[in-house]
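Heads up, the thing below is written out as structure tokens.
FYI, side chains are in, hydrogens and waters are out, and symmetry mates aren't considered; it's all heavy atoms of this structure. Each residue takes its place number in the sequence, starting with 1. Each ligand, and each atom within it, is numbered from 1 in the order the structure gives.
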Amino acid sequence: MLLPVTYRVNDAGRMEVGGCDLVELARTYGTPLYVYDEETVRCRCREFVQALGERGEVLYSAKAFGSPGFLQVVAAEGLGLDVVSEGELYLALAAGYPTDRIHFLGNNKSREDVAAAYDAGATLVIDGFQEFDLLNSVVPQGSRLRCELRLSPGIRPETHDFIATGQLDSKFGFSIESGAARAAVEQALAHDRIELVGLHSHIGSQVFDLRGHLAAMEIVLDFLAGLRRDLGFEPERLGAGGGLGIAYTREDRPPSPAEFVTALLTALDQGIARRGLRTPLLVLEPGRAVAGPAGVALYTVGAIKDIPGVRRYVAVDGGMGDNIRPKLYGARYEAFLARDPEGVAAPPVTIAGKYCESTDILATDVPLPPVQTGDVLCIPAAGAYCLSMASNYNGMPRPAVVMVSEGEARLIRRRETFDDLLAAEIL
Ligand code: LLP
């Protein structure tokens, strides 16, 4: 699935998402513009929730895209939420997210973070020993905060180095291999402000090959067997993280959410049966797989530069400020001409951004029909980790966001203005 579920070519021969013509949206709201298809968001949420059923809980990982207007749709689908900072929690509270469904993660929580999680009534996912002290200073005597512990299972999934997190050499979590995880469980069980409800792990992101998740499950279940044997402790909840990859190009074939959930449930069931363990609730926290396929980015073509025998650069009005992924992770994207998505491709072009850096290239050598200045280009699979990682580099205001559904578009984030650039500056 490269394009949103409601995508079609309309009678005018143009791209349409959520019943809205993308060329028209670009005209109405300006570009760069991020367009989210509500139906796709809901379908992706439902696929996870239905596949997991009563066996567990799905949290959406807000870091993928955390605009309150987007979070409201996810909340309405019944998902919980994973936040990693007071700021993300603030966005969730602004969205009216049910706080009993919020989990607060993060490897270096401040006292303020822990206090915010406690005040909100969120579940805290403890990532390091210093949090035990923070909990003493935040949680009043006689009270307990629902907590989970983040384990590091020592697994390196098949993905880009920068987004692999489960390996021994990682800043995240208590390593099972080193004995830190065992020590953390013992401390948590003895801690009078902690109600230890679960154990959690997350091995990485944009993962297609689920063997890493299955191997991590085995390691975690071995760890659980040791806890039961030695401490008589069995967690109610077992978090297996997110990480399911999505298609960015026509060739990408990621597992579906249902395949992801089924593979993990099967591994869990077989693993606990072999070890005679109690069945925990399985907690999953996809970010990219929910938001990614739902969003497309629209840009307007400006300068076109030919270097004979070398390449044609097609420059657009956004770039690394709204999508750092190509240069940070070597991510590849497809591009479509919004007025003629199925037109016959001319020789491949390179889509450059407008930031003052040579590295500001969104897609290299992509096939497109002949493109002219003023044309609107659509980059699919732009819903996750683009705007949430956006910056004001080069003094560029960040793009607007619309949510489309059944022919209606609603603005959920306005385009930033130059005054927004000055909002925090002191003159
Ligand atoms: N849970 C934890 C603890 C995580 O650290 C993450 C992502 C997720 C869940 C959600 O993972 P997802 O389902 O989205 O793969 N900026 C990078 C991705 C960084 C992911 C960080 N952690 C990118 O653009 O590819």
Side-chain angles (χ1 to χ4, degrees), residues 41 44-45 47-48 57-66 70 74 79-85 88 102-109 123-128 148-153 155 157-167 170-174 198-210 212-213 216 220 237-248 252 254-257 260-261 264 282-295 297 320 322-333 362 379 381-391:
V41 182
R44 299 294 283 186
C45 290
E47 194 175 335
F48 277 104
E57 189 181 343
V58 186
L59 314 177
Y60 167 64
S61 199
K63 62 179 79 65
F65 181 57
F70 182 88
V74 176
L79 279 72
L81 194 69
D82 134 25
V83 301
V84 295
S85 69
E88 276 186 2
I102 299 180
H103 288 54
F104 199 123
L105 291 84
N107 73 302
N108 181 24
K109 297 184 195 76
T123 299
L124 191 77
V125 183
I126 300 174
D127 201 298
E148 298 184 2
L149 294 179
R150 176 159 181 179
L151 309 175
S152 170
I155 284 290
E158 278 304 308
T159 189
H160 194 284
D161 275 350
F162 294 0
I163 47 180
T165 48
Q167 67 279 16
S170 162
K171 70 172 184 168
F172 293 107
F174 297 101
L199 300 177
H200 166 278
S201 67
H202 168 79
I203 58 168
S205 196
Q206 185 58 4
V207 177
F208 279 30
D209 181 344
L210 301 182
H213 282 81
V220 169
R237 299 159 62 87
L238 189 64
L244 175 62
I246 63 165
Y248 284 98
D252 288 340
S256 68
F260 176 73
V261 173
L264 281 167
L282 180 64
V283 184
L284 300 176
E285 50 197 40
R288 186 192 318 266
V290 169
M320 65 189 291
D322 62 271
N323 187 354
I324 191 77
R325 302 196 65 262
K327 287 307 155 182
L328 197 51
Y329 311 115
R332 290 180 53 221
Y333 284 90
L362 283 171
I379 298 216
Y385 303 113
C386 291
L387 284 186
S388 61
M389 297 175 74
S391 75

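By the salt bridge (charged side-chain N to carboxylate O under 4.0 Å, His left out) test, Glu148 is found to be paired with Arg237, residues two or more places apart in sequence or in another chain being considered. Residues that satisfy the ring pair (Phe, Tyr, Trp, His ring centres under 6.0 Å) test with Phe70, not counting sequence neighbours, are Tyr36, Tyr60, Phe65.
Listed by number with element, the atoms of ligand 1 under 4.0 Å from a non-hydrogen atom of Gly242 are 9 (C), 13 (O). If you number the atoms of ligand 1 from 1 as listed, the ones under 4.0 Å from a heavy atom of Met389 come out as 16 (N). Within the listing of ligand 1, atoms 3 (C) sit less than 4.0 angstrom from a heavy atom of Leu105. The Asp82 neighbourhood of ligand 1 comprises atoms 1 (N), 9 (C), with distances under 4.0 Å to a heavy atom of that residue. For ligand 1 and Pro286, the ligand atoms under 4.0 Å from any heavy atom of the residue are 13 (O). Contact atoms of ligand 1 toward Ser205: 11 (O), 12 (P), 14 (O), 15 (O), 18 (C), 20 (C) (distance under 4.0 Å to a heavy atom of the residue).
A 4.5 Å side-chain heavy-atom check between Leu79 and Phe48 finds every atom pair outside the cut-off. In this structure the side chain of Met389 reaches within 4.5 angstrom of the side chain of Leu328, judged on heavy atoms. Residues Asp252 and Phe208 form a side-chain contact, since some pair of their non-hydrogen atoms from C-beta on lies under 4.5 Å apart. Contact check for Leu244 versus Pro286: no side-chain heavy atoms found under the 4.5 Å cut-off.
Using a 4.0 Å cut-off between heavy atoms, Leu328 makes no contact with ligand 1 at all. The proximity of Arg288 to ligand 1, defined as any non-hydrogen pair under 4.0 Å, involves the side chain as well as the backbone. Counting heavy atoms closer than 4.0 Å to ligand 1, residue Glu285 contributes atoms from both its backbone and its side chain.
Checked by distance only, ligand 1 and Gly243 come closer than 3.5 Å through their nitrogen or oxygen atoms. Note: no N/O pair closer than 3.5 Å links His200 and ligand 1 by distance alone. Annotation: Ser61 places no N or O atom under 3.5 Å from an N or O atom of ligand 1; distance criterion only. Geometrically, ligand 1 and Arg150 share no nitrogen or oxygen pair separated by less than 3.5 Å. Of the N or O atoms in Gly287, one or more lie within a sub-3.5 Å distance of an N or O in ligand 1.
Heavy-atom minimum distance, Cys386 versus Tyr333: SG-OH, 3.8 Å. Closest heavy-atom contact between Asp127 and Arg150: OD2-CD, 3.4 Å.
Salt bridge status for Lys63 with Asp82: present, with a side-chain N to carboxylate O gap under 4.0 Å.
Using a 4.0 angstrom heavy-atom cutoff, Ala64 does not count as in contact with ligand 1.
Evaluated by nearest non-hydrogen atom to atom 16 (N) of ligand 1, the leading choice among Phe65, Tyr329, Phe172 is Tyr329.
In the model, His103 has no side-chain atom that pairs as donor or acceptor with a side-chain atom of Glu285 under 3.5 Å.
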